[in-house]
Number of protein chains: 2
Amino acid sequence: MKEKELRRSQAVLPIGTVMKLTNLSARQIRYYEEQELVIPARNEGNRRMYSLNDIDKLLEIKDFLADGINMAGIKRIYEEQAEKQAEKQAELSKPLTDEDVRRILRDEFINVSRLTKSNGYSFRTNRNL
Amino acid sequence: MKEKELRRSQAVLPIGTVMKLTNLSARQIRYYEEQELVIPARNEGNRRMYSLNDIDKLLEIKDFLADGINMAGIKRIYEEQAEKQAEKQAELSKPLTDEDVRRILRDEFINVSRLTKSNGYSFRTNRNL
DNA sequence: CTATCTATGTTATATTTTATAACATAAATT
DNA sequence: AATTTATGTTATAAAATATAACATAGATAG
């Protein structure tokens, strides 16, 4: 899914297109940017360029507003989302626990023993790996 | 997949974006249009608006040209493709053969008999459907 | 109830992007 | 050698966008 994500995050749409796709006014779109909710890329000429992900987020904001949630509320929602994302990310890049290490080593040895099952080599053979 | 097709054929990209995504010059893109290879939509202000499908086609044209095929050759390729598409379409909208009708009717009756299997109703029950 | 704030509209001005069209040209074709 | 093809370049006009300021209905606070 890496490539799809890339496509979805490519800033290729000018604000006029975004207005049509979202039915938001330029004023609204720029205001949400001012509120730091959707910050588009800029091209060489300083024109805002939006990605499909930006479109999704704008539509989401529109829904939140229609539900009576105000800017402050929407900001909070995204802050919390960002936190959760950060946690998940931290989890992924956290160093291995001793438990993890033991499990992984055990699995390693299982594989090795499979490879060396009937060739007469013992586990000691793998000290150099 | 209907929705995906729709998205891919939505004309949302201005020529500047297309230039970047394809590495073609505006001159080239417009020339291929003049040659009736890729005819973009126009917005209210007469600006060309391209779809993802248009991008694909432009990249394809670029490849053909790199392979030494000239405009005439490329046009021919697309004409043939269009023919094949038309045939396929014709096949789909062709009226049913007698054979088709018999098969469909048989299947209908199988379903009906399933529904009425153990409720004492005979086939005649379904005359009103 | 009045004052303030929020979210958005409107207008003006400057800059960027695009459209069209004409002229130019290297490379391929005739 | 003349013509055609595919593309570059330049000029001009129109459209889209950026920024910023002023305006305001409705919500919120004092």
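Residue numbers start from 1 in every chain, and the chains themselves are labelled A, B, ... in the order their sequence lines are given, proteins ahead of strands.
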Neighbours of DNA chain D within residues 15-27 of chain B, by heavy-atom distance under 4.0 Å: B:Ser25, B:Arg27
Pairing residues for A:Thr17 by the side-chain contact (heavy atoms from CB on, under 4.5 Å) criterion, not counting sequence neighbours: A:Leu13, A:Pro14, A:Leu21, B:Val12, B:Met49
Using nucleotides 4-7 of chain C, report all nitrogen or oxygen pairs with the protein that are shorter than 3.5 Å.
{"residue": "C:dA7", "atom": "OP1", "partner": "A:Met71", "partner atom": "N", "Å": "2.8"}
{"residue": "C:dA7", "atom": "OP2", "partner": "A:Tyr31", "partner atom": "OH", "Å": "2.9"}

Rounded to 10 degrees, the angle between the two terminal axes of the helix from C:dC1-D:dG30 to C:dT30-D:dA1, each from five pairs: 20°
Segment of DNA chain D, first to last nucleotide, that comes within the 4.0 Å heavy-atom reach of chain B: D:dT5 to D:dA16
Partners meeting side-chain contact (heavy atoms from CB on, under 4.5 Å) with A:Ile69 (sequence neighbours left out): A:Phe64, A:Asp67, A:Ile74, A:Ile77
Distance-only side-chain donor-acceptor flag, A:Glu36 / A:Tyr78, under 3.5 Å: no
Electrostatic pair B:Lys20:A:Glu44 at N-O distance under 4.0 angstrom: yes
Could you pull out all donor-acceptor pairs under 3.5 Å where a side-chain atom in residues 82-91 of chain A meets a protein atom, sequence neighbours excluded?
{"residue": "A:Glu91", "atom": "OE1", "partner": "A:Lys94", "partner atom": "NZ", "Å": "3.3"}
{"residue": "A:Glu91", "atom": "OE2", "partner": "A:Lys94", "partner atom": "NZ", "Å": "3.0"}

Side-chain (A:Asp54) to main-chain (A:Ser51) donor-acceptor, under 3.5 angstrom: yes
Contact list for DNA chain D against residues 42-59 of chain B - heavy-atom distance below 4.0 Å: B:Asn43, B:Gly45, B:Arg47
Expected output: side-chain B:Lys75 to main-chain B:Leu37 donor-acceptor under 3.5 Å: no
Aromatic A:Tyr32 / basic A:Lys57 pairing, under 6.0 angstrom, 45° off normal: no
For A:Ala41, all residues meeting side-chain contact (heavy atoms from CB on, under 4.5 Å), sequence neighbours excluded: A:Ala11
Non-neighbouring partners of B:Arg48 that pass side-chain contact (heavy atoms from CB on, under 4.5 Å), sequence neighbours left out: B:Ile15, B:Arg30, B:Glu33, B:Pro40, B:Arg42, B:Tyr50
Minimum-distance pair of heavy atoms, taken over all atoms of A:Leu65 and A:Met71: CD2-CE, 4.0 Å
Whole angstrom value for the distance that separates P of C:dT8 from NZ of A:Lys62: 11 Å
Salt bridge (charged side-chain N to carboxylate O under 4.0 Å, His left out) partners for B:Asp56, two or more places apart: B:Arg8
B:Val18 vs B:Leu24 side-chain heavy atoms within contact, under 4.5 Å: no
Side chain to side chain contact (heavy atoms under 4.5 Å, CB included) evaluation trace for B:Asn23 with B:Lys62: CA-CA 9 Å; B:Asn23 273 306; B:Lys62 212 182 156 189; 3.5 Å; yes
Residues which pass salt bridge (charged side-chain N to carboxylate O under 4.0 Å, His left out) with A:Arg27, listed by chain and number, not counting sequence neighbours: none
